[in-house]
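Structure incoming, see below.
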Amino acid sequence: MKLKHLVLATLAPTLLVSGIAYAQFKKPEDAIKYRQSAFTVMANSFGKIGAVVKGEAPFNKDEVAKNAAVVATISSLPWQAFGPGTEGGNALPEVWSDNAKFKAASEKMQLAVANLNTAAQSGDQDAIKKAFGAAGATCKGCHDDFKKK
Ligand code: ASC
């Protein structure tokens with residue numbers, strides 16, 4: 001077996017598994033559309049939880065749990081679509097020029113929405129309210145630094 005084939009054979013299972021979670025983009029516009037779509041889906045479910053937290057919609061435990069699960073699941077997806085050469089859309093240049101800070105902000109958000117999901121699955125309204133506020137703050141924090149106004 002040639003070395004190249006050995007390397008490929010060794011890596012293939014890992015690439016297959018990680019490939020499920022990693023999109024590829026032909027054009028920068030495709031990456032922009034992908035990340036904006038992911039944020040749109042997240043904002044929709046997050047907003048539905050927000051309406052409940054603000055008392056504008058009745059508390060339905062299962063609905064909140066479903067929406068929190070959507071937010072938590074989708075939260076891992078947008079970041080792969082901010083690769084080199086995909087500048088634009090609503091993103092400020094700082095996403096690329098201060099990428100470590102952007103990455104840290106993205107991880108903060110993912111942790112916060114994971115906590116929101118935990119609270120939502122428990123159905124504890126006070127915990128949901130707290131976790132929602134904390135998650136919203138991580139959305140805003142990242143928007144302040146990295147999203148066009
Ligand atoms: C939302 C939404 C956001 C965040 C942010 C929180 O519902 O769409 O982007 O909350 O506004 O400050």
N-O pairing of Asp144 and Lys140 below 4.0 Å: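 Salt bridge present between Asp144 and Lys140.
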Gly123 to Phe59 - nearest heavy-atom pair and separation: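 Closest pair (atom of Gly123, atom of Phe59, distance): O-CZ, 3.7 Å.
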Side-chain donor-acceptor contact under 3.5 Å, Lys48 with Asn44: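 The criterion, which ignores hydrogens and geometry beyond distance, is satisfied for Asn44 and Lys48.
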Lys148 to Gly89 - nearest heavy-atom pair and separation: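 Heavy atoms only, the tightest pair is NZ-O, 3.0 Å.
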Separation of Gln80 CD from Arg35 CZ (nearest 0.5 Å):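 So the CZ of Arg35 and the CD of Gln80 are separated by 11.5 Å.
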Test side-chain contact (heavy atoms from CB on, under 4.5 Å) applied to Trp79 and Glu107, step by step: CA-CA 10 Å; Trp79 322 111; Glu107 284 166 1; over 6 Å; no
Passing candidate, side chain to side chain donor-acceptor pair (under 3.5 Å) with Gln121, options Thr118, Asn117, Asp124: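 The single option meeting the side chain to side chain donor-acceptor pair (under 3.5 Å) with Gln121 is Asn117.
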Derivation of the side-chain contact (heavy atoms from CB on, under 4.5 Å) call for Met42 and Ser75: CA-CA 7 Å; Met42 256 193 287; Ser75 71; 4.0 Å; yes
Smallest separation among heavy atoms of Lys108 and Thr138, with atom names: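 Taking every non-hydrogen atom into account, O-CG2, 4.0 Å.
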CG on Asn90 to NE2 on His143, rounded to 0.5 Å: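 If we round to the nearest 0.5 Å, His143:NE2 and Asn90:CG are 9.0 Å apart.
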Hphob cluster co-occupancy, Val52 + Ile128, side-chain heavy atoms under 4.5 angstrom: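 Same cluster.
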Smallest separation among heavy atoms of Phe39 and Pro78, with atom names: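 Minimum heavy-atom contact is CZ-CB, 3.6 Å.
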Gap between atom CG of Leu77 and atom CD of Gln110 - 0.5 Å precision: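 With rounding to 0.5 Å, CD (Gln110) is 9.0 Å from CG (Leu77).
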Val41 versus Ile74, closest heavy-atom pair with distance: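 Closest approach of Val41 to Ile74, heavy atoms only: CG1-CG1, 4.1 Å.
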side-chain contact (heavy atoms from CB on, under 4.5 Å) evaluation trace for Ile32 with Phe25: CA-CA 9 Å; Ile32 292 170; Phe25 307 103; over 6 Å; no
Distance flag, aromatic centroids of Phe102 and Trp96, threshold under 6.0 Å: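 No, the ring centres sit 6.0 Å or more apart.
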Passing candidate, side-chain contact (heavy atoms from CB on, under 4.5 Å) with Phe46, options Asn67, Val70, Leu116: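 The single option meeting the side-chain contact (heavy atoms from CB on, under 4.5 Å) with Phe46 is Leu116.
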Contact summary for Glu94 and Phe146, nearest pair of heavy atoms: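 Nearest pair, atom of Glu94 first, then Phe146: O-CE2, 3.5 Å.
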Interatomic distance, Lys33 atom NZ to Thr40 atom OG1 [nearest 0.5 angstrom]: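 Taking NZ in Lys33 and OG1 in Thr40, the distance rounds to 11.5 Å.
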Over 12 foreign heavy atoms within 6.0 Å of NZ, Lys61: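 Enclosed: over 12 neighbouring heavy atoms sit under 6.0 Å from NZ of Lys61.
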